[in-house]
Structure formats: structure tokens, C-alpha cells
Amino acid sequence: MTTRLTWYGHSAFSLELDDEHVLIDPFLDDNALSPISADEVPADYVIITHGHADHVGDALRIARRTGALVISNFEICNWVQAQGIDHVHPQHIGGGYPHPFGYLKLTIAHHGSSLPDGSYGGAPAGLLLTLHDDKRVYFAGDTGLFYSMALIGEEGLDLAVLPIGDNFTMGPDDALRAVRLLRPKAVVPIHYNTFDVIEQDPQTWCRRVREETPSEALFLKPGDTITL
Ligand code: NI
Ligand code: MN
């Protein structure tokens, strides 16, 4: 089974498996780089890494329209339910669950997680997703560099998706150190150029990954799709 992964800019992704769509951090309508609108994006599942508006994005509206299952930490799922959406699956850091699309484990991320209305959003998370063909993808979420990325790398990563924007998350240098700890087969840079303070040159970063680490680097434009 092949899985298609499409980037919508910033931290927003769609995973397409058979005819099911898993949306991650669907910040679309307020994201000038997104090639798709919240009213048209398909979704059977919506995963939210943390409470910030550039990650929760249009999740509530998409969940209401599609009936998608919302997966996040316990606190964010409580908040989603308080907005009138009951179809949620709460998890938490270190915990995994065999969803129909694959085994999803939440990992630590060093960041904040307050929700757009100021509600408490629990701890921010990264996502470690093992697909049915045992391909493993790590979405770091918003985070600074942490040494136990080496533990995540021990699981054997086919792909790591890392922020490189600096200011709110790892910048290019720390993201390069993250690649060395994670040792993925390939890496995709995200969370850059959406806002002035996170402007970066992703192609230079990709070249540095290829030259300075054993990993491959994939430069995506918003709307680009890769096959896992
Ligand atoms: Ni954030
Ligand atoms: Mn962010």
C-alpha cells in the first residue's frame, strides 16, 4: 500500500491512504501559502499537535463539515468537545494507539500549547506514525532541539518532518543537529516563510543536509506530494 503525503504549507499535511485522508495541523484559510481551502479539503481524521492557532487552524470547521475524528492530546480534545464536536480520540505523550490508518504515538515537543481562546492546551506533541507497511514518519511539531530525538530515531525513521523557521522553533542549525540525532532516511523542512520572523532558505538547508548528514532532504513547495 502506498501512502501519499501532501504539504499545504507551514505545518499542514494530508496523508492519503487508500481512500482515507488524515489531515495534520490544518492551518489553511489564514495561511497565504496554502493551495487548498478548508471548505474543500478532504478529511477522515484531523490530528492537532498543539493548541496554537497556526496548528489548530481550521480543524473545528473541517471536523464539523466532514465528521472527521479529531485526534490530539487530552486537553485539546476536551476543548474540541466543548466546541460541540464529540468525535474525538484523546491520547498523550508516550502513548500510542492503532488507528485504522496506522499506529500513532505522541512524542514530546518543547514548546507551548495554549488554545486560540486562551484555554489550556496541555503539553505540545510531536507525532510518530507507523504505517501498515511499517514505514515510519516523525512529525516533530513545533519544538526546539532536544537530545532524546535520538530515542525517536532508534525506532528507525523513513521520514522526519522538521521545523527550520527559527524564532518559534528550531532554526536551520539546530534542525541539522536534529537530523543527526534522528538519522531518518529522508527529511522534509517545514514551518518557515509563513511569517516574516521565520523566513529561511529551505533549499540551502536541504543542500546542507545532503552534504553534512547521511540523510536525503526533500524540498517541497506547498501543494507538492511525495509517495511514502
Ligand atoms: Ni506553536
Ligand atoms: Mn507553529
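Only a predicted model underlies this, so the values are computations on that prediction, with no experimental measurement involved. Counting starts at 1 for both ligands and their atoms, following the listed order.
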Asp142 atom (N/O/S) at minimal separation from the Mn ion (ligand 2): OD2

Looking at Asp54, the N/O/S atom that lies nearest to the Mn ion (ligand 2) is called OD2

Glu20 versus His99: any side-chain heavy-atom pair under 4.5 Å? no

Would you say Trp205 and Val187 make side-chain contact, with heavy atoms under 4.5 Å? yes

Using a cut-off of strictly less than 2.8 Å, determine whether His55 has an N/O/S atom near the Mn ion (ligand 2). yes

Heteroatom test (N, O or S) for His50 near the Mn ion (ligand 2), limit 2.8 Å: no

Just say parallel, tilted or perpendicular for the rings of Phe195 and Phe168, cut-offs at 30° and 60°. perpendicular

Report the relative orientation of the aromatic rings in Tyr97 and His89; use parallel for angles under 30°, tilted for 30 to 60°, perpendicular for over 60°. tilted

Atom of Asp142 nearest the Ni ion (ligand 1) (restricted to N/O/S, atom name only): OD2

Which atom, counting only N, O or S, brings His52 closest to the Ni ion (ligand 1)? ND1

Is any side-chain N of the basic residue among Asp158 and Lys185 closer than 4.0 Å to the acidic one's carboxylate O? yes

